[in-house]
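The block underneath contains the structure these notes are about, expressed in structure tokens.
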There are 2 protein chains.
Amino acid sequence: MILSTKGRYGLKAMFELGLQYGNGPIPLKIIAERQNIPENYLEQLIAILRKAGLVKSVRGAQGGYLMQRSPEEVTVGQVLLALEGPMAPAECVADPEAPKCKLASGCVTRGVWEKINNSIHNVIDTMTLQNMIEDQVSSIEKE
Amino acid sequence: MILSTKGRYGLKAMFELGLQYGNGPIPLKIIAERQNIPENYLEQLIAILRKAGLVKSVRGAQGGYLMQRSPEEVTVGQVLLALEGPMAPAECVADPEAPKCKLASGCVTRGVWEKINNSIHNVIDTMTLQNMIEDQVSSIEKE
DNA sequence: TAAATATCCGACTAAATTTGTCCGATGACT
DNA sequence: AGTCATCGGACAAATTTAGTCGGATATTTA
């Protein structure tokens with residue numbers, strides 16, 4: 001079930017933007033180098049994040065990207081939602097509007113999907129980019 | 001991130017086999033009808049489950065499939081692992097043998113993937129097919 | 001003003017995965 | 001012998017993944 005590179009690269013890129021928060025724009029090239037992501041591909045991913053309102057851009061020389069909101073206000077879940085779609089095991093638990101399974105016997109797997117969905121969202125909707133940054137700092141201190 | 005039909009169909013099929021446990025083999029056709037799964041496709045999926053040691057088969061007339069072990073002994077995680085591969089957000093937390101991310105800065109997302117991985121496995125590795133069956137029974141009683 | 005920097009936009013593509021379908025062979029029961 | 005049912009492999013359309021590339025646009029700097 002491994003996530004695609006969209007989500008994996010994208011979260012790394014958002015982490016770099018979070019580190020830089022408050023210090024003006026950072027160009028894509030730097031992010032791509034630091035996180036070892038193909039620059040041209042990252043360009044597509046950051047466009048998605050921009051359209052999702054998580055990132056804003058400054059064009060031209062000395063330009064680059066910045067977080068739209070502060071790292072405390074952005075959760076891992078918001079980033080993954082933009083890039084991977086709903087982080088749910090099945091449509092029926094991803095979207096409250098989703099059509100109910102139309103089996104006469106009732107859906108026998110829905111309970112499982114709900115439990116998985118809740119456990120995932122319990123993590124990704126509470127963890128912010130700020131938390132990621134703090135975790136990183138404290139893990140470096142330990143060395 | 002929605003799971004593929006492999007996992008979704010496969011778990012429904014295993015549920016049917018669990019219901020039938022102890023009563024001899026049940027043909028694929030019946031399972032496909034009850035759970036509204038294309039029979040020819042389910043044939044492929046059940047072959048995977050058979051090779052994973054979760055299901056055994058009886059050929060010929062009055063044949064069909066049965067669970068290899070009892071529903072108490074089979075977890076949702078085992079079924080999903082066979083059909084979807086590791087239920088982890090990233091390779092590095094799916095497999096302890098996986099090569100470490102080789103970034104000088106260290107992997108900044110690993111902590112997130114570990115938390116997600118743990119929360120998923122906390123659900124799928126403790127929930128058995130027997131649990132699913134019991135949940136289904138009690139939800140029917142409520143009506 | 002020209003050059004350099006950097007985003008923006010869309011087109012393109014190879015490869016893999018998904019979601020099946022189909023068919024013939026094999027084995028077992030009646 | 002006939003029927004039921006699994007077994008195995010081939011085939012394929014559609015989608016997704018994981019990029020690559022080129023040119024247009026905007027901004028700063030020299």
Side-chain angles (χ1 to χ4, degrees), chain A residues 1-13 16-17 20 24-68 80 82-86 89-91, chain B residues 1-13 16-17 20 24-68 80 82-86 89-91:
Chain A
M1 189 215 57
I2 309 295
L3 293 182
S4 75
T5 56
K6 277 188 201 168
R8 306 205 313 275
Y9 289 168
L11 189 58
K12 289 183 180 200
E16 290 294 330
L17 290 177
Q20 191 69 13
I26 175 173
L28 210 61
K29 194 182 176 182
I30 304 296
I31 300 178
E33 274 169 14
R34 289 194 186 149
Q35 292 296 334
N36 197 31
I37 301 169
E39 186 183 342
N40 288 328
Y41 188 34
L42 184 54
E43 204 174 300
Q44 280 186 41
L45 305 186
I46 208 145
I48 296 171
L49 294 169
R50 190 168 48 85
K51 282 164 194 159
L54 297 171
V55 159
K56 63 183 171 183
S57 60
V58 178
R59 297 180 70 161
Q62 308 306 315
Y65 295 93
L66 336 79
M67 290 193 62
Q68 183 92 357
L80 294 181
L83 294 163
E84 297 277 345
E91 277 291 351
Chain B
M1 190 214 59
I2 309 295
L3 293 183
S4 74
T5 56
K6 277 188 199 166
R8 306 204 313 274
Y9 289 168
L11 189 58
K12 289 185 179 196
E16 290 293 330
L17 291 177
Q20 191 68 12
I26 174 173
L28 211 59
K29 193 180 176 182
I30 304 298
I31 299 176
E33 275 170 12
R34 289 194 187 151
Q35 291 296 334
N36 197 31
I37 301 169
E39 186 183 343
N40 288 328
Y41 188 34
L42 185 54
E43 205 171 299
Q44 282 186 40
L45 306 185
I46 209 147
I48 296 171
L49 294 169
R50 191 167 48 82
K51 283 163 194 161
L54 296 171
V55 158
K56 62 184 173 182
S57 60
V58 177
R59 297 182 70 162
Q62 310 306 314
Y65 294 92
L66 341 78
M67 290 192 64
Q68 182 92 356
L80 294 181
L83 294 164
E84 296 277 346
E91 277 289 350

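Residue numbers begin at 1 in each chain, while the letters A, B, ... track the order of the sequences.
Residue A:Leu49 comes nearest to A:Gly10 through the heavy atom pair CD1-O, 4.3 Å, listed as atom of the first residue, atom of the second, then distance. Scanning all heavy atoms of the two residues, the minimum distance from A:Pro25 to A:Gly63 falls at CB-C, 3.8 Å. Here the closest non-hydrogen pair linking A:Lys56 and A:Gln68 is CB-OE1, 3.1 Å. Among all heavy-atom pairs drawn from A:Glu43 and A:Asn40, the shortest one is CB-O, 3.3 Å. Residues A:Leu42 and A:Ala13 come closest through the heavy atom pair CD1-CB, 3.9 Å. For B:Ile2 against A:Glu91, the heavy-atom pair with the smallest separation is CD1-N, 3.7 Å.
Residue order along DNA chain C, read from the 5' end via each residue's closest nucleotide, puts B:Glu84 first among B:Gly60 and B:Glu84. The residue among A:Tyr9 and A:Ala61 whose nearest nucleotide of DNA chain D lies closer to the 5′ end is A:Tyr9.
A:Lys6 comes within 4.0 angstrom of the backbone, heavy atoms only, and of no base. Among the atoms of the strands shown, none is found under 4.0 Å from any heavy atom of B:Arg8. Counting non-hydrogen atoms under 4.0 angstrom, B:Ile46 reaches nothing in the nucleic acid.
The distance from the CG atom of A:Leu80 to the CG atom of A:Leu3 is 6.5 Å, given to the nearest 0.5 Å.
Of the residues in residues 37-44 of chain B, those lying under 4.0 Å from DNA chain D by heavy-atom distance are B:Glu43, B:Gln44.
The closest donor-acceptor contact from the side chain of B:Arg8 to the backbone of A:Ala90 lies at 3.5 Å or more, if one exists at all. Side-chain atoms of B:Glu84 come within 3.5 Å of backbone atoms of B:Gly7 as a donor-acceptor pair (strictly under, hydrogens ignored).
Between B:Lys12 and B:Arg34 there is no side-chain heavy-atom pair separated by less than 4.5 Å.
Between A:Glu39 and A:Lys29 there is no salt bridge, since none of the side-chain N atoms of the basic residue sits less than 4.0 Å from a carboxylate O of the acidic one.
A nucleotide of DNA chain D counts as in contact with chain B when one of its atoms lies under 4.0 Å from a heavy atom; the first and last such, 5' to 3', are D:dC4 to D:dA10. Chain B approaches DNA chain C within less than 4.0 angstrom (heavy atoms of the protein), and the contacting nucleotides run 5' to 3' from C:dT18 to C:dC29.
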